[in-house]
Amino acid sequence: MVITIDLFDVLKLVYGLALFLFGMDIMSDAMKKGAGNQLKAILASLTSNTVKGFLLGVGVTAIIQSSSATTVMVVGFVNSGAMTLYQAVGVIMGANVGTAVTSWLTGLSGLGAGGETVSSILQWMKPDSWVPILCLVGLGLTMFSKKDRRRDFGTVFLGFGVLMIGMETMSNAVSVLRTNEQFQSLFVMFRNPILGVLAGMVLTAIVQSSSASVGILQSLTTTGAITYGAAIPIIMGQNIGTCVTAMISALSANKNGKRAALIHLYFNIIGVLVWLNLFYLFDYFIDFTFVDYAVDMWGIAGIHTIFKVLCVLLFAPFTKQLERLATLSIKDSKEEENVNLLDERLMRTPSIAVKRCEEVAVAMAETSCEALRLSLKLLKSYDKKIAQKVREYENKSDEYEDILGSYLVKLSSCGLDEQDGYEITKLLHVIGDFERISDHAVNIVISAEEIEDNKISFSEKEQKDLKVLSAAVNEIVGLVCECFGKNSVLIAEQVEPLEQVVDYLTEQMKMQSVLRLQKNESTIQHGFIVSDILNNLERVSDHCSNIAGCIIEISGHGSLLLHQYLGTVKDNDANYSLAYEEYRKKYRFLAKEAEGYDTEKQKR
C-alpha cells in the first residue's frame, strides 16, 4: 500500500513534532524547578499508605507532565533505599493516572472554529485565543522578573505555548490525509487489536513519552480516518511503550530498583490484557456501535483516562500481590546487595536530589555523632566491642563523605534554584566537619587503648573534671546533630556559647596537667595522653561551631560569612552572653582551680 504525501507536508509534520516535544521538555523542566520546594514537601510526607502514594504519583506527574519521569524518579528512590518497593506501587499507579492530564491539555487544540455555533466563553477556550496571551505573560515573567520562581513559571507558559503550536502544526500537516483513501484503509488495519497495540507500543517506545505519542494520535484525529475501534488498542499499546524509559533506567539499578520498573511494566501489560479482552468480549455480545465512529481529540483523552482509571481499580486490591510478582521475577540472592544511597536518576529533578542528599547527610551526622558519644564512654571504662563499633562508624562516615561530596559536585552543575544552591553549599561545608568528628572519635579510642594497655590511672580530680568536660562535649554534639537534622537556626545559636565553655574547660585542664608535671605528680606519658584527649575534644567542639555557624549563616541569612558572624555574636549579642554564663554554671569543675591560673582570660 502506497500513501502519497507531499514532502513539505512531511517536513511540516516533523517540525510540528519537534516543537511539541521541545515545548513539553522545557515546560516539564521549568515545572520541576519552579515547584521544587513543593515537591520536596510532598515527598517528605510520603508514608507506606498506598492511597497517599497514589495521590503523590498523580500530583507529581500532573506537575512534571511525564509518567516516565516520575517512574524513573521512583526507580531512583527505591534503588537508593529512600522508598520501599511497597510504597513505589502506589506512586506508580498514581503516575499512570497523572499523565492523562497532558492529553486533556493538548485536546484543547481540538476546539475548532465554528464561530457561529460556539459561544463566546467556548471561543475563549480555544488555544488561538488565549495561548498568545499566555506566551506574552510568560515572556514578561522570563525577561523582566527578578525572582527565579516567577521566571520558572514564565518558562512554563512559554513551553506550553510552544507545545500547542507544535500540536496545531502537526494537525495542519496531516489534514491533507483527510481524503486519502489509502491512509484511511491503513487505520482500518488497526482495528486488529494486536496490530493496534504493537503500533502504539512502538511509537511510544521511539519517542519515550506516552504524552507525546497520545498527542500525535490526537493530531491525526483531524483526518477523520481514526475510529474509536482503531484508537482503543493503539492507546493501550502506548501505555506499554511508555515503560521503556523506566526499564532502560533500571538497567544499572539494584534488585529493588529493577523491581520498581517491573511493577510499572506489569501494571500496564496486565491492564491491557484484562481490559482489552473484556472490551472485545462485550463488543462481541453487545456490538458497540460507537467503535465505527470517528474519534476526536477529546475522545482520545477520554479513552486514555478511562483506561488509566480502570487499571487502578483493577490493581487497587492487589498492590501487595503486584509487589510480590516483581519480587518473584527478580529473586533475592544470598549475598546482601549494596544499596546505592544517591541515585543519579534523581538528578533529573534537582530539588528531589537535593532533598535526598539532605537525608543522607543527616544519616552521616547521626553516625559521626554516635561514634563520638561511644568513644567518650571508653574514657570511663574500656570495652573492645565499643572501640570496634566506633571504628566501623568512622569508616561509614568516610563512605558517606565520599559519596555525598561527589554527588553534590555533580548536582551543583544541574539547573538549581537559589534555595537549592544554598543548600548544596551548606552540605558541602558541613560533611567535612562531620567526617572530622568521627576521626576525632577514633583518636579518643586510641587514647583509651593506650590508657588500658599501659595501665594508666587518673586521679580522682582528673576523673571528675573529665566527666564534666565529656558531658559538655556530649551536649554540644547532640545540639549540632539536632539543629542539622531539623535545620533549626534557634538550636544552632546555642552551640557557640557552649563551644566557648568547652574551650575554657580544656584550657583549664591543660594548665592543671602542666602544673602536675611540674610538681612531678604525673608522668610525661600521662601528660601526652591527657593532652591528646583534650585536643581532640576541643577540636570536636570547633567542628560543631563550624556546622552551627554554617546553618545560621546559610539558612538564616543566605550567605557564608562565618567569621563575621562569630565576631558579631561574641561582641554584641546579649543572648550569647547569657547562654555562655548559664553553660559556665552548668559545666564547672568542683575541685579548686589551678593556682595562679586566671580563668577570666578564657572568657571570649
query: Taking 4.0 angstrom as the limit, do Lys426 and Glu423 come out as a salt bridge?
result: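 Yes.
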- request: Carefully, step by step, assess Phe279 and Val291 under the rule side-chain contact (heavy atoms from CB on, under 4.5 Å).
  value: CA-CA 11 Å; Phe279 173 77; Val291 294; 3.7 Å; yes
Backbone of [Y] reached by a side-chain donor or acceptor of [X] within 3.5 Å:
X: Thr242; Y: Asn239; result: no
X: Ser412; Y: Val409; result: yes
X: Thr155; Y: Arg151; result: yes
X: Asn96; Y: Lys308; result: no

task: Report the distance from atom OG of Ser329 to atom CZ of Arg324, rounding to the nearest 0.5 Å.
output: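 One gets 10.5 Å once the value is rounded to the nearest 0.5 Å.
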- request: To the nearest 0.5 angstrom, please state how far the CE atom of Met297 sits from the CD1 atom of Ile300.
  value: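 Nearest 0.5 Å value for the CE-CD1 distance: 9.5 Å.
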task: Give a yes or no on whether the ring-centroid distance for Phe315 and Phe267 is below 6.0 angstrom.
output: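 Distance test on ring centres: under 6.0 Å, yes.
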task: Locate the shortest heavy-atom distance separating Arg150 from Ser145; write the atom from each residue and the value.
output: CB-OG, 3.1 Å
message: How close do Ile263 and Ala326 get, counting heavy atoms only, and between which atoms?
response: CG1-CB, 3.7 Å
- prompt: Can you tell which of Leu404, Leu427, Ile403 makes a side chain to side chain contact (heavy atoms under 4.5 Å, CB included) with Val360?
  reply: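 Checked Leu404, Leu427, Ile403 against Val360; only one passes side chain to side chain contact (heavy atoms under 4.5 Å, CB included): Leu404.
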